[in-house]
2 protein chains.
Amino acid sequence: MSDAVSRPTLEAVAARAGVSRATVSRVVNGGDGVREPLVERVRRAVEELGYVPNQAARSLVTRRHDAVAVVIAEPETRIFTDPFFALQLRGISKELTAHDNQLVLLLTEGRDDHARVARYLAGGHVDGALVFSLHLDDPLPGLIEGAGVPTVFGGRPGWSDGTDSAVYVDCDNRGGAEDAVRHLVGLGRTRIAHITGPLDQTSAADRLQGYRDVMGETDPRLVVASDFTPTGGERAMGELLDRCPDVDAVFAANDLTALGALRVLRERGRRVPEDVAVIGFDDVLPVAEQTEPPLTTVRQDIEEMGRLMARLLLSTLARGGPATGAPSSVVLPTTLIRRATA
Amino acid sequence: MSDAVSRPTLEAVAARAGVSRATVSRVVNGGDGVREPLVERVRRAVEELGYVPNQAARSLVTRRHDAVAVVIAEPETRIFTDPFFALQLRGISKELTAHDNQLVLLLTEGRDDHARVARYLAGGHVDGALVFSLHLDDPLPGLIEGAGVPTVFGGRPGWSDGTDSAVYVDCDNRGGAEDAVRHLVGLGRTRIAHITGPLDQTSAADRLQGYRDVMGETDPRLVVASDFTPTGGERAMGELLDRCPDVDAVFAANDLTALGALRVLRERGRRVPEDVAVIGFDDVLPVAEQTEPPLTTVRQDIEEMGRLMARLLLSTLARGGPATGAPSSVVLPTTLIRRATA
DNA sequence: CTGAAAGCGCTAACAT
DNA sequence: ATGTTAGCGCTTTCAG
């Protein structure tokens with residue numbers, strides 16, 4: 001009820017414990033250099049008064065907030081279809097929590113929101129930022145750079161300038177794609193198609209590159225662009241069947257796309273994997289395990305990537321700025337998970 | 001880069017504009033009671049220096065943070081399967097953003113995290129809280145009550161004491177369920193089953209109640225408990241078919257459950273809706289529109305519920321505490337969306 | 001309408 | 001090892 005008024009201050013605790021504010025502060029912040037009996041007395045006073053430090057006052061002097069922003073700049077509705085973000089968020093949340101940091105979520109709905117986000121980051125409300133889903137033409141990285149906030153990106157950023165300086169966590173999209181396609185080749189398939197993701201994202205572009213690495217020059221009609229969604233996958237698969245009725249394998253850019261593709265294949269009476277083998281990417285369990293038949297896919301450890309991003313950022317912050325031997329980007333390996341579709 | 005050091009202060013702006021700190025503060029906070037020429041001068045100084053107010057310093061004196069916590073206490077993995085939370089988050093985010101408030105996300109993974117959340121809320125880091133997914137035996141509401149932070153709940157809380165005081169936003173689960181079942185009855189179905197959600201959540205309990213309202217006394221074997229997940233829906237549908245092979249309609253507690261049920265029905269060779277009609281609940285588009293056949297379901301406006309929760313909380317905060325004519329809970333209507341399964 | 005001054009609650013030198 | 005003191009950057013009376 002009437003709380004704000006009555007919150008005890010350091011002063012109050014000090015009075016109660018019969019010590020100075022400084023001593024209480026020391027105890028509250030770890031208790032180093034304070035003798036045991038005093039520590040004990042202060043602890044009790046804190047307990048009795050239900051003292052909780054005022055974060056604003058603390059931040060004002062330490063210039064730290066123990067909070068990091070998570071910026072999700074997905075203009076489209078993918079966030080709401082793909083468990084990807086939720087998983088990543090969970091990893092981030094776990095890691096931040098373990099280090100007593102708070103997660104400030106910044107969702108952007110479009111260009112208009114970019115300025116707001118930039119302003120917020122520049123405002124020094126948070127110690128750092130974790131940024132997702134950049135597209136090639138995204139103005140956000142520039143704005144963030146300008147804000148001067150330590151940042152780790154989720155997925156390799158695609159813009160050209162200053163690429164080296166950007167720290168990111170990604171999975172080996174290209175290598176994973178190569179594995180997938182090689183597997184298809186090993187199965188004896190010869191008309192192997194690829195349904196891409198949005199090619200203005202590096203993850204999609206890299207997977208396409210992996211496909212090309214293995215396939216070399218192929219019938220260009222075997223590559224059809226899509227957008228990481230089930231509906232997009234359906235449309236693309238439809239086109240594919242129309243253009244190349246003899247297709248005998250499909251590497252879909254992600255599991256959701258594969259889901260759509262499977263649906264169309266079934267509708268059109270193609271047996272999977274007998275007539276057409278299918279491989280996805282991500283291994284988002286609720287999707288991949290539940291398709292019919294269960295999806296063979298390239299697994300990336302999404303939650304771990306989230307955790308890693310947070311860890312990287314926190315370690316950067318701990319070193320006091322990106323200057324001191326900044327940690328570098330991490331690219332995690334992928335694994336091909338064989339289920340029933342290939 | 002080296003930013004924190006160089007961030008200009010009110011003082012700097014004041015100096016540049018040739019006025020006092022107080023005047024700058026007034027202008028920055030709306031400019032009431034400052035004459036136009038001065039306002040203009042100050043604005044320019046702010047612009048030129050790129051001044052951004054220090055939130056910590058401001059909070060220290062105003063005792064406001066312009067931030068609210070969103071607590072998602074979903075012990076299970078539902079968050080990562082069901083677009084429900086993402087949609088709600090989006091609604092909340094939009095509303096908060098519109099009022100210059102920040103969203104602090106608190107994800108809890110289990111009982112251990114409860115204390116942490118309670119401590120955080122009690123710590124006065126945020127002005128209020130939006131809390132989700134309470135189960136009947138959840139200790140969180142009590143802890144939150146204790147923290148003395150204005151709170152709005154997502155979904156009717158189920159615990160018995162002090163229920164009246166809790167403000168929540170929910171949809172008319174019972175009424176929606178009644179509509180669904182009545183529709184099934186109108187279709188001439190007589191063996192209408194219900195696959196429930198987790199009955200320790202009021203949303204699931206209320207939907208079951210709605211089913212009972214219409215069905216009255218029925219074969220108890222027609223009601224089978226589940227958990228809002230596709231896998232749960234599969235299992236439940238399987239049991240149902242074993243126990244009551246003559247079932248001719250199913251009202252599933254949510255769309256994901258319906259998804260699982262549809263899968264099993266297809267596997268077992270039952271035609272939908274000819275042999276068995278199916279209705280879901282939620283109308284989460286990516287799910288409901290994409291089932292085979294498209295799902296008839298009870299729609300609730302999830303994003304709007306999120307927006308409403310935020311609006312309610314903010315208005316409470318604006319009035320300066322829950323005391324002054326606190327806004328009361330809101331229950332939104334539902335609509336039956338007829339697609340192909342019933 | 002504007003300025004001067006007093007803190008908000010805390011940490012971090014600096015003394016002791 | 002503990003206490004004293006000086007702010008962190010801002011808002012808000014209170015004078016003028």
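Each chain gets a letter, A, B and so on, in the order the sequences are listed, and its residues count up from 1. Not measured: the values here are computed from a predicted model.
- We find that CG of A/L60 is positioned 17 Å from P of C/dG7, with the value rounded to whole Å.
- At whole-Å resolution of the value, CG in B/L49 and C1' in D/dG9 are 15 Å apart.
- Here the closest heavy-atom approach between residue B/T316 and residue B/P150 is recorded as CG2-CB, 4.4 Å.
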### Task
Could you give me the CA-CA distance, side-chain angles and deciding distance for A/I92 and A/V70, then say whether side-chain contact (heavy atoms from CB on, under 4.5 Å) is met?
CA-CA 9 Å; A/I92 292 172; A/V70 171; 4.1 Å; yes

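- Considering only side-chain N and O atoms, B/T23 lies under 4.0 angstrom from the phosphate OP1 or OP2 of C/dG3.
- Nucleotide D/dG7 holds its P atom 18 Å from the CG atom of B/N54, rounded to whole Å.
- Between A/L96 and A/A310, the shortest heavy-atom distance links the atoms CD2-CB, 4.1 Å.
- Counting only heavy atoms from C-beta outward, the side chains of B/L130 and B/L313 approach each other to under 4.5 Å.
- Between A/Y120 and A/H125, the ring planes are parallel. Angles under 30° get that label, and only those over 60° would be called perpendicular.
- Proximity of A/T9 to the phosphate of C/dG9: no side-chain N or O atom is located under 4.0 Å from OP1 or OP2.
- Look at NE2 on B/H65: it is 12 Å from C1' on C/dC8, rounded to the nearest Å.
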### Task
Could you run through nucleotides 11-16 of chain C and give me one letter per nucleotide, 5' to 3': B if any protein heavy atom sits under 4.0 Å from the base, S if only the sugar-phosphate is that close, - if neither?
BBB---

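- Smallest separation of non-hydrogen atoms from A/N101 and A/D66: OD1-C, 3.0 Å.
- Note: CZ (A/R7) to C1' (C/dC10) measures 12 Å, nearest angstrom.
- We find that CZ of B/R63 is positioned 11 Å from C1' of C/dG7, with the value rounded to whole Å.
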